[in-house]
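Beneath this line is the structure, given in structure tokens, with notes to follow.
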Protein chains: 2
Amino acid sequence: MGDEEVKLLGAWPSFFSIRVEIALKMKGINYEYVAEDIFNKSPELLKYNPIHKKIPVLLHNGKPICESLVILEYIDETWKSEPSILPKDPHARAMARFWAKFIDDKCFPTMWQIRRSQGEEEREKAIKEAMEQLETLENELKGKKFFGGDEIGLVDIAANFLALWLGVMEELVGIELLTKDKFPGLCEWTDDYLSSSIIKEALPAKQKLLDRFRNMFQRTK
Amino acid sequence: MGDEEVKLLGAWPSFFSIRVEIALKMKGINYEYVAEDIFNKSPELLKYNPIHKKIPVLLHNGKPICESLVILEYIDETWKSEPSILPKDPHARAMARFWAKFIDDKCFPTMWQIRRSQGEEEREKAIKEAMEQLETLENELKGKKFFGGDEIGLVDIAANFLALWLGVMEELVGIELLTKDKFPGLCEWTDDYLSSSIIKEALPAKQKLLDRFRNMFQRTK
């Protein structure tokens, strides 16, 4: 597959975008990275994702694929070499899809709501909900190193938000959610995850992310 | 696969639940149907979907699978006989997942919002958004009989809401969205879809659905 064109329209502070980079690096696929400015979208982004106008967009030989979880499955189905992103067994695949969807539909909106909430009562409600979701994920991790088992898989990639971005949000908002006493499994997962060479290579430095979000939070106060 | 146990915890007025019935019928899988009362959830439902506590839940040899789109993929991957629910080509599969997600994340919430909206301005806003989404789907259908091409596939099953439930909502709210002059393709799709023997068998009668939702809307005014 040497003459293939693989291009990613992405943005480094976006964990959705970084998900795709993790998957491409896991599979050892060479790709061209095109940095998008989410406040000033390029004609290419608007052309290839006219529905949502959002990064990430993967272009494979000119064909666009949008939505990060859809892209992850596309990568796994197109480049079948190991490591696999999804397990082989249909029930295990369904569970991976279920948990990735849980992270996108439930955890991320709730945790983002903590930052966006107006007033103490609304924030407390979001924090309570977030803690319950973390508890759910803590239970799901029991007896496993990664959500994917011994190796990083779809759910781990989807959960990259928890390993880095959540800590940035905690620091900027001034709260602590993911503590070792309450969530020992998730904290150990975070350590293992961040020590993986692929993840280390794909994720931005925490300080850089902190600076970027501090700046963004100040602009949108 | 004669000694398999396939059981669906569902509810007939739910298009999420009916999606799974369509897929099971398409594949010719015998299943036991357990009618759930969504206002009085059974211990079995709470046991097998403790996270969302929602129908549909598919039980395959005792193992639960939740979330209707996840279940559809599971069915397609477990019972590989024709007809396929997803196409074979990875890019076509990604596009099917993209559109099914668009229907769930965008169209359904917007169209439901028309009914839930408070006041004229909010309703007008939701109607405008719904019309844009229908336009998007109209474009996607161009040159095809079904979203899946010549045959019903994942997106068509996901879109069952548009073929029946949307009309019910229109009638009860007193609006018209899906008209032949504005959306000839979608209207033709609806006719073709509703004429398919599998769909006819799986979908409830419109009058029964109208009565049920009229009743529900009155209770939750």
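Excluded from the calculations below are hydrogen atoms, water molecules and symmetry mates; all remaining heavy atoms, backbone and side chain alike, are included. So that the names make sense, note that chain A is the first sequence line, chain B the second, and so on, each numbered from 1. These numbers come from a predicted model, not from an experiment.
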Under 3.5 Å, which donor-acceptor pairs link side chains of residues 63-71 of chain B to any protein atom two or more places apart or in another chain?
from	atom 1	to	atom 2	distance (Å)
B/Glu67	OE2	B/His52	NE2	3.1
B/Ser68	OG	B/Arg19	NH1	2.9

- Message: Taking atom CD as the centre, does B/Glu5 end up with more than 12 heavy-atom neighbours from other residues, nucleotides or ligands that are less than 6.0 angstrom away?
- Response: yes

- How about residues 143-163 of chain B versus chain A: which residues have heavy atoms under 4.5 Å apart? none

- Task: Evaluate whether atom CD of B/Glu188 has more than 12 neighbouring non-hydrogen atoms of other residues, nucleotides or ligands under 6.0 angstrom away.
- Result: no

- Message: Please determine whether the number of non-hydrogen atoms from other residues, nucleotides or ligands lying under 6.0 Å from atom NZ of A/Lys125 exceeds 12.
- Response: no

- Query: Is the number of heavy atoms from other residues, nucleotides or ligands within 6.0 Å of NZ (A/Lys25) greater than 12?
  - Reply: yes

- Query: Can you name the residues of residues 86-101 of chain A that have some heavy atom under 4.5 Å away from a heavy atom in chain B?
  - Reply: A/Pro90, A/His91, A/Arg93, A/Ala94, A/Met95, A/Arg97, A/Phe98, A/Trp99, A/Lys101

- More than 12 heavy atoms from other groups under 6.0 Å of NZ on A/Lys54: no

- Message: Report, in residue-number order, which members of residues 34-47 of chain B are under 4.5 Å from chain A by heavy-atom distance.
- Response: none

- Query: Just wondering, more than 12 heavy atoms not from B/Asn30 lying within 6.0 Å of its CG?
  - Reply: no

